[in-house]
Trainee: 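Sharing a structure here in structure tokens format.
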Amino acid sequence: MSDAPARDREVVAGAIFHGGRLLLAQRTRPPALAGRWELPGGKVEEFESPQSALVRELREELAVEVRCGARIGVDVPLSRGMVLRAYRAELVSGEPVALEHSQLRWVDAEELLSMDLVDNDRAWIPELLEELSAL
Ligand code: DCP
């Protein structure tokens, strides 16, 4: 974990769409979030771009190579001045594996609505649903 102050730091999350489905990942930590589902991602390091951070995080967490695409959905304020932002992530190579999550699931629009998403990620449901309905 970095010692840099958290203020103004960004957390990035990737929306990977494939075959009409969206990839969700089930968190293992912290205890308050364990078992709940999210778009995979993590903190942007100091001197790192959000795009590079997303590529790095998805490589570390899912063992895939992605290309970072456009923003999707609203900025979600986190504690300590941090902000959470979702980006489209296009799979370039590899099949996602849960290296840091307890499991992964490809969901369609109906399944997305039934998943126990972390509260922050619920902010993106309208755009995610719109994309899934258009696929
Ligand atoms: N977060 C979220 N929704 C996501 C991804 C992250 O609400 N789709 C939140 C959970 C945490 C914060 O953002 O409060 C940071 O996420 P992670 O713990 O996944 O990030 P890192 O793994 O980079 O953090 P660290 O290595 O510092 O534990």
Trainee: Are Phe17 and Leu39 linked, directly or through intermediate hydrophobic residues, by side-chain heavy-atom contacts shorter than 4.5 Å (ILVMFWY only)?
Mentor: yes
Trainee: For Glu57 versus Gly41, what's the shortest heavy-atom pair and its separation?
Mentor: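 Minimum heavy-atom separation between Glu57 and Gly41: OE1-O, 3.5 Å.
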Trainee: When you compare the side chain of Leu132 with that of Asp108, does any pair of heavy atoms fall below 4.5 Å?
Mentor: no
Trainee: Using a 4.5 Å cut-off on heavy atoms from C-beta on, say whether the side chain of His101 contacts that of Pro40.
Mentor: yes
Trainee: Any side-chain heavy atom of Ile72 within less than 4.5 Å of one from Trp124?
Mentor: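 No, too far: nothing below the 4.5 Å cut-off.
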Trainee: For residues Val76 and Ala123, report the shortest heavy-atom separation together with the two atoms involved.
Mentor: CG2-CB, 3.9 Å
Trainee: Treating Ile, Leu, Val, Met, Phe, Trp and Tyr as nodes and any side-chain heavy-atom pair under 4.5 angstrom as an edge, say whether Leu78 and Ile125 lie in one connected cluster.
Mentor: yes
Trainee: Report yes if some heavy atom in the side chain of Arg71 is under 4.5 Å from a heavy atom in the side chain of Arg88; otherwise report no.
Mentor: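 They are not in contact (no side-chain heavy atoms under 4.5 Å apart), so the answer is no.
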Trainee: Measure from the side-chain N and O atoms of Arg27 to the backbone N and O of Ala34, and report whether any donor-acceptor pair falls under 3.5 Å.
Mentor: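 Answer holds: no.
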Trainee: Going only through I, L, V, M, F, W and Y residues with side-chain contacts under 4.5 Å, is there a path from Val55 to Ile16?
Mentor: yes
Trainee: Specify the closest pair of heavy atoms between Leu58 and Ala89, including all atoms of both residues, with the distance to one decimal.
Mentor: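 What the structure gives for the nearest pair is CD1-CB, 3.8 Å.
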Trainee: Under 4.5 Å between side-chain heavy atoms, chaining through other members, with only Ile, Leu, Val, Met, Phe, Trp and Tyr counted: pull out the rest of the cluster around Val118, sorted by chain and number.
Mentor: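 Answer for Val118: Leu33.
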Trainee: Report the distance from atom CD of Gln103 to atom CG of Leu24, rounding to the nearest 0.5 Å.
Mentor: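 It comes to 10.5 Å.
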Trainee: Determine, for Glu10 against Lys43, whether the closest basic-nitrogen to carboxylate-oxygen distance falls under 4.0 angstrom.
Mentor: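 Salt bridge flag = no for Lys43 with Glu10.
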Trainee: Please write out which residues are connected to Leu99 in a hydrophobic cluster, directly or through intermediates, given that two of Ile, Leu, Val, Met, Phe, Trp, Tyr count as joined at side-chain heavy-atom separations below 4.5 angstrom.
Mentor: Val97
Trainee: Please report the C-alpha distance between Leu113 and Leu129 in whole Å, then the side-chain angles of each, then the deciding distance to 0.1 Å, and finally whether the side chain to side chain contact (heavy atoms under 4.5 Å, CB included) criterion is met.
Mentor: CA-CA 9 Å; Leu113 288 172; Leu129 278 181; 3.9 Å; yes
Trainee: With a 4.5 Å cut-off on side-chain heavy atoms, are Asp75 and Leu84 touching?
Mentor: no
Trainee: So do the side chains of Val11 and Val44 get within less than 4.5 Å of each other, counting heavy atoms only?
Mentor: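 A side-chain contact is absent here, since even the closest heavy-atom pair is not under 4.5 Å.
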Trainee: Got Leu128 and Asp121 here, is their nearest side-chain heavy-atom distance under 4.5 Å?
Mentor: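 Not in contact.
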Trainee: Between Arg9 and Glu46, does any NZ, NE, NH1 or NH2 come within less than 4.0 Å of an OD or OE carboxylate oxygen?
Mentor: no
Trainee: Hey, is CD on Glu110 packed in by over 12 heavy atoms from elsewhere, all under 6.0 Å?
Mentor: no
Trainee: Just do the side chain to side chain contact (heavy atoms under 4.5 Å, CB included) check on Leu112 and Leu22 with the steps written out, would you?
Mentor: CA-CA 8 Å; Leu112 175 63; Leu22 168 70; 4.2 Å; yes
Trainee: Where do Gly69 and Tyr87 come nearest, in terms of heavy atoms and distance?
Mentor: O-CD2, 3.7 Å
Trainee: How long is the span from the NE2 atom in His18 to the CD atom in Glu95, to the nearest 0.5 Å?
Mentor: 7.0 Å
Trainee: So which heavy atom on Leu91 is nearest to which on Trp106, and how close?
Mentor: CD1-CH2, 4.3 Å
Trainee: So Arg105 and Glu111, salt bridge (Lys or Arg N to Asp or Glu O under 4.0 Å) or not? Walk me through it.
Mentor: CA-CA 10 Å; Arg105 193 169 297 173; Glu111 289 161 342; over 6 Å; no
Trainee: Heavy atoms only: give me the nearest Cys68-Leu54 pair and the separation to one decimal.
Mentor: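 Heavy atoms of Cys68 and Leu54 come nearest at SG-CD2, 3.7 Å.
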Trainee: With a 4.5 Å heavy-atom cut-off, do Met115 and Val107 have their side chains touching?
Mentor: yes
Trainee: Under the 3.5 angstrom rule, does the side chain of Ser52 hit a backbone N or O of Glu48 as a donor-acceptor pair?
Mentor: no
Trainee: Do Gln26 and Ser102 pair up side chain to side chain, a donor and an acceptor below 3.5 Å, judged on atom types alone?
Mentor: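 Yes - a donor-acceptor pair under 3.5 Å links their side chains.
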Trainee: With the 4.5 Å side-chain cut-off for hydrophobic clustering, are Met82 and Val12 part of the same group?
Mentor: no
Trainee: To the closest 0.5 Å, what do you measure between CD (Glu65) and CZ (Arg59)?
Mentor: 4.0 Å
